[in-house]
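The figures that follow rest on heavy atoms only: side chains count, while hydrogens, waters and symmetry mates do not. Read the numbers this way: they start at 1 and go in the same order the structure lists the ligands and their atoms.
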Amino acid sequence: MLDALSSLAEWYRGHGSDLLVTRGDPREVLPALADAIDAEHVLWNRDYSGLARERDADVRQALAEQDVRRGSYHDAICHEPGSITTNDGDPYSVFTYFGRKWQDREKEKPYEAPDADELVDPEDLSIPDRWSSTLPTLADLGFDDPAADLQPASTDAARKRLESFCAEDIFRYDDRRDYPADSCTSQLSADLKWGTIGIREVHAATVAAADSAETDAERESVEEFQSQLAWREFYTHVLFFNPDVVTENYKEYENPIEWREEPEHLSAWKAGETGYPIVDAGMRQLVEEGYMHNRVRMIVASFLTKDLMLDWREGYDWFREQLADHDTANDNGGWQWAASTGTDSQPYFRIFNPMTQGERYDPDAKYIKRYVHELADVEPEQIHTWHELSVTQRQRLAPEYTAPIINHSERREAAIEMFEAARGE
Ligand SMILES: Cc1cc2nc3c(=O)[nH]c(=O)nc-3n(C[C@H](O)[C@H](O)[C@H](O)COP(=O)(O)OP(=O)(O)OC[C@H]3O[C@@H](n4cnc5c(N)ncnc54)[C@H](O)[C@@H]3O)c2cc1C
């Protein structure tokens with residue numbers, strides 16, 4: 001966020017203006033600022049989580065009390081909550097129909113950034129000293145320097161990512177998006193989250209890519225990518241209409257799900273020391289990069305909720321802390337999908353086997369070895385059967401790498417029983 005703001009400030013300065021930075025309760029700070037600079041009109045883009053909507057309504061009210069004009073726009077997604085509904089006007093709880101309507105709906109074109117002569121020169125505003133254009137540091141905000149090595153956050157960097165993705169990887173996305181070693185996805189999630197690129201611009205680039213596709217398979221691949229953008233909007237709609245999903249299950253079970261409480265297992269999962277190589281690789285990627293490949297997010301989330309039988313809220317909290325692209329709607333949607341508690345989620349009895357997932361999606365163990373260095377010299381075949389090896393074999397091959405902390409087959413049965421009890425069976 002700070003890097004994104006810093007690059008935005010730089011852009012404004014390059015255009016004879018500036019970004020004013022202020023901290024505090026927006027209900028007080030924004031009306032005070034509007035008053036100090038004699039603002040006629042305050043404009044913002046809409047945000048859809050429950051907390052954000054409460055905040056915006058309060059700010060709107062405070063500005064109204066000062067007789068300042070208010071206006072808000074939609075910018076975060078192509079189609080706002082309420083604009084794609086069932087024929088009865090209800091929000092969709094299943095993605096397929098939503099996705100089809102989303103695809104067919106006309107999209108707005110991106111807007112140009114304003115010219116320098118449309119912007120305000122801060123010199124003309126006599127801004128009180130209380131407001132400045134200095135961004136806070138991480139320490140000012142109470143954070144340590146990030147351990148993670150984050151990708152650069154700026155519009156230039158985002159445009160480069162988009163351009164290079166649309167030149168090549170978008171055409172093999174459908175085939176390769178599930179293979180984490182390939183890194184063939186767009187890596188635009190943090191940009192979309194922090195606004196270093198707009199969704200209209202991303203969508204327009206995919207339309208241009210579809211026009212330049214040479215085969216049906218390439219065109220379908222572009223559509224598959226667009227469909228992920230639609231998932232993002234689907235989850236935003238779900239959150240808008242069900243703000244409680246942040247803490248509550250979307251899906252109601254007859255009885256409460258009896259998640260286990262096993263702090264050592266939770267710690268092993270967070271540290272990437274479960275003895276399930278694909279899970280550990282993902283959890284280490286998360287801490288090292290503030291990012292994790294989508295297929296692996298699904299695997300580690302399934303592992304936490306179905307193998308360790310721990311509450312999805314534990315995983316969601318850890319992801320929220322670690323992910324540079326943390327987005328309430330998508331993160332929550334992903335977790336509740338994996339935990340079989342969400343809308344249109346994974347059926348409770350379909351439980352990923354972490355070993356076969358690793359074998360299928362990382363057959364050469366390239367992704368695993370990138371993050372789990374203890375396995376650097378172990379053959380893929382042994383990595384993918386780590387849970388079946390004897391203690392002596394494991395000791396000989398990679399003495400520093402942990403033994404599996406649970407037995408997947410046993411836990412699979414136990415998890416199904418846990419869900420059946422919740423269903424009242
Ligand atoms: C447990 C779990 C937690 C997740 N948490 C987040 C999160 O906090 N923030 C986040 O943006 N995504 C989240 N996702 C969705 C997905 O994993 C990431 O969007 C994706 O990995 C980001 O990489 P990318 O930009 O290269 O994706 P690409 O495959 O290039 O997709 C393009 C864009 O589409 C959107 N998208 C893709 N897949 C999904 C999806 N399944 N659901 C919603 N939107 C999607 C993202 O905005 C993404 O940037 C989560 C998924 C799971 C299973």
Side-chain angles (χ1 to χ4, degrees), residues 49 76-78 95 98-99 102 151 153 157-158 161-162 164-166 168-180 182-199 201-203 205-206 209 221-239 245-246 269 279 282-283 285-286 289-306 310-346 352 357 361 367:
S49 74
I77 49 179
C78 293
F95 175 75
F98 175 94
W102 186 94
Q151 64 181 12
R161 279 191 273 282
L162 177 64
S164 89
F165 176 70
C166 285
E168 208 174 318
D169 283 339
I170 199 168
F171 300 116
R172 59 187 196 113
Y173 182 80
D174 198 13
D175 280 344
R176 303 303 301 169
R177 60 185 287 257
D178 274 324
Y179 297 85
D182 272 17
S183 312
C184 98
T185 64
S186 71
Q187 312 267 323
L188 284 168
S189 48
D191 298 303
L192 286 167
K193 157 72 190 180
W194 297 107
T196 38
I197 203 151
I199 189 64
E201 185 169 342
V202 173
H203 190 267
T206 66
S221 183
V222 174
E223 272 174 30
E224 182 57 34
F225 177 74
Q226 290 170 333
S227 160
Q228 301 314 309
L229 301 180
W231 268 103
R232 174 175 172 270
E233 307 214 353
F234 175 67
Y235 282 142
T236 306
H237 289 212
V238 170
L239 177 65
V245 291
V246 179
W269 178 81
V279 173
M283 297 309 293
Q285 182 183 23
L286 176 64
E289 298 170 15
Y291 177 85
M292 195 193 302
H293 184 274
N294 179 60
R295 166 60 48 182
V296 192
R297 290 187 205 206
M298 297 196 295
I299 297 170
V300 305
S302 172
F303 189 81
L304 184 88
T305 53
K306 309 282 175 64
L310 299 176
D311 194 327
W312 61 265
R313 282 158 275 234
E314 299 280 6
Y316 173 69
D317 282 349
W318 182 244
F319 268 37
R320 189 175 49 177
E321 224 173 89
Q322 300 294 320
L323 278 174
D325 67 16
H326 163 71
D327 173 276
T328 309
N330 295 346
D331 211 353
N332 187 270
W335 273 101
Q336 295 230 36
W337 178 87
S340 303
T341 56
T343 156
D344 209 359
S345 58
Q346 177 89 315
F352 280 167
Q357 288 282 315
Y361 295 111
Y367 172 81

(message) I'd like to know if R297 and D325 make a salt bridge, using a cut-off of under 4.0 Å between side-chain N and carboxylate O.
(response) yes
(message) One thing to verify: whether D327 and R232 come together as a salt bridge, which I'm taking to mean a side-chain N less than 4.0 angstrom from a carboxylate O.
(response) no
Do [X] side-chain atoms and [Y] backbone N/O form a donor-acceptor pair below 3.5 Å?
X: H293; Y: R177; result: yes
X: Q357; Y: I299; result: no
X: S221; Y: D174; result: yes
X: N332; Y: V245; result: yes
X: W269; Y: V300; result: yes

Return the option from [options] holding the heavy atom at the smallest distance from [atom].
atom: atom 16 (C) of ligand 1; options: N294, D325, T236; answer: N294
atom: atom 52 (C) of ligand 1; options: A338, A339, S186, G334; answer: G334
atom: atom 36 (N) of ligand 1; options: H293, Q346, Q228; answer: Q228

(message) Looking at E168, I'd like to know if its CD atom is crowded, meaning that more than 12 non-hydrogen atoms belonging to other residues, nucleotides or ligands lie closer than 6.0 Å.
(response) no
Would [X] count as a contact of ligand 1 if the rule is a heavy atom under 4.0 Å away?
X: R177; value: no
X: F165; value: no
X: F225; value: yes
X: Y173; value: yes
X: Q187; value: yes

(message) Residue-level breakdown please: for D327 versus ligand 1, do any non-hydrogen atoms fall below 4.0 Å on the side chain, on the backbone, on both, or on neither?
(response) both
Any idea which atoms of ligand 1 are less than 4.0 Å away from a heavy-atom of [X]?
X: H326; value: 8 (O)
X: L188; value: 25 (O), 49 (O)
X: Y235; value: 42 (N), 43 (C)
X: L192; value: 47 (O), 49 (O)
X: M298; value: 53 (C)
X: L323; value: 5 (N), 8 (O)

(request) Check whether any N or O atom of S189, backbone or side chain, sits under 3.5 Å from an N or O atom of ligand 1, and answer yes or no. (result) yes
(message) D331 versus ligand 1: do any nitrogen or oxygen atoms come within less than 3.5 Å of each other?
(response) yes
Shortest protein heavy-atom distance from [atom], along with the residue and atom involved:
atom: atom 33 (C) of ligand 1; answer: L229 CD2, 3.8 Å
atom: atom 23 (O) of ligand 1; answer: Y291 OH, 2.8 Å
atom: atom 50 (C) of ligand 1; answer: R297 CD, 3.7 Å
atom: atom 47 (O) of ligand 1; answer: R232 CD, 3.1 Å
atom: atom 11 (O) of ligand 1; answer: N330 ND2, 3.1 Å
atom: atom 40 (C) of ligand 1; answer: W231 CB, 4.2 Å

Any heavy-atom pair between the side chains of [Y] and [X] that's under 4.5 Å?
X: Q187; Y: T185; answer: yes
X: Q226; Y: Y173; answer: no
X: W318; Y: L304; answer: no

(message) Between W102 and C78, is the side-chain contact (heavy atoms from CB on, under 4.5 Å) condition met? List the steps.
(response) CA-CA 9 Å; W102 186 94; C78 293; 4.1 Å; yes
(request) State, without any angle test, whether Q346 and S340 hold a side-chain donor-acceptor pair at a distance under 3.5 Å. (result) no
(message) I'd like to check the ring-ring contact (aromatic ring centres under 6.0 Å, His included) partners of F234; sequence neighbours left out, ordered by chain and number.
(response) F95, F98, W231
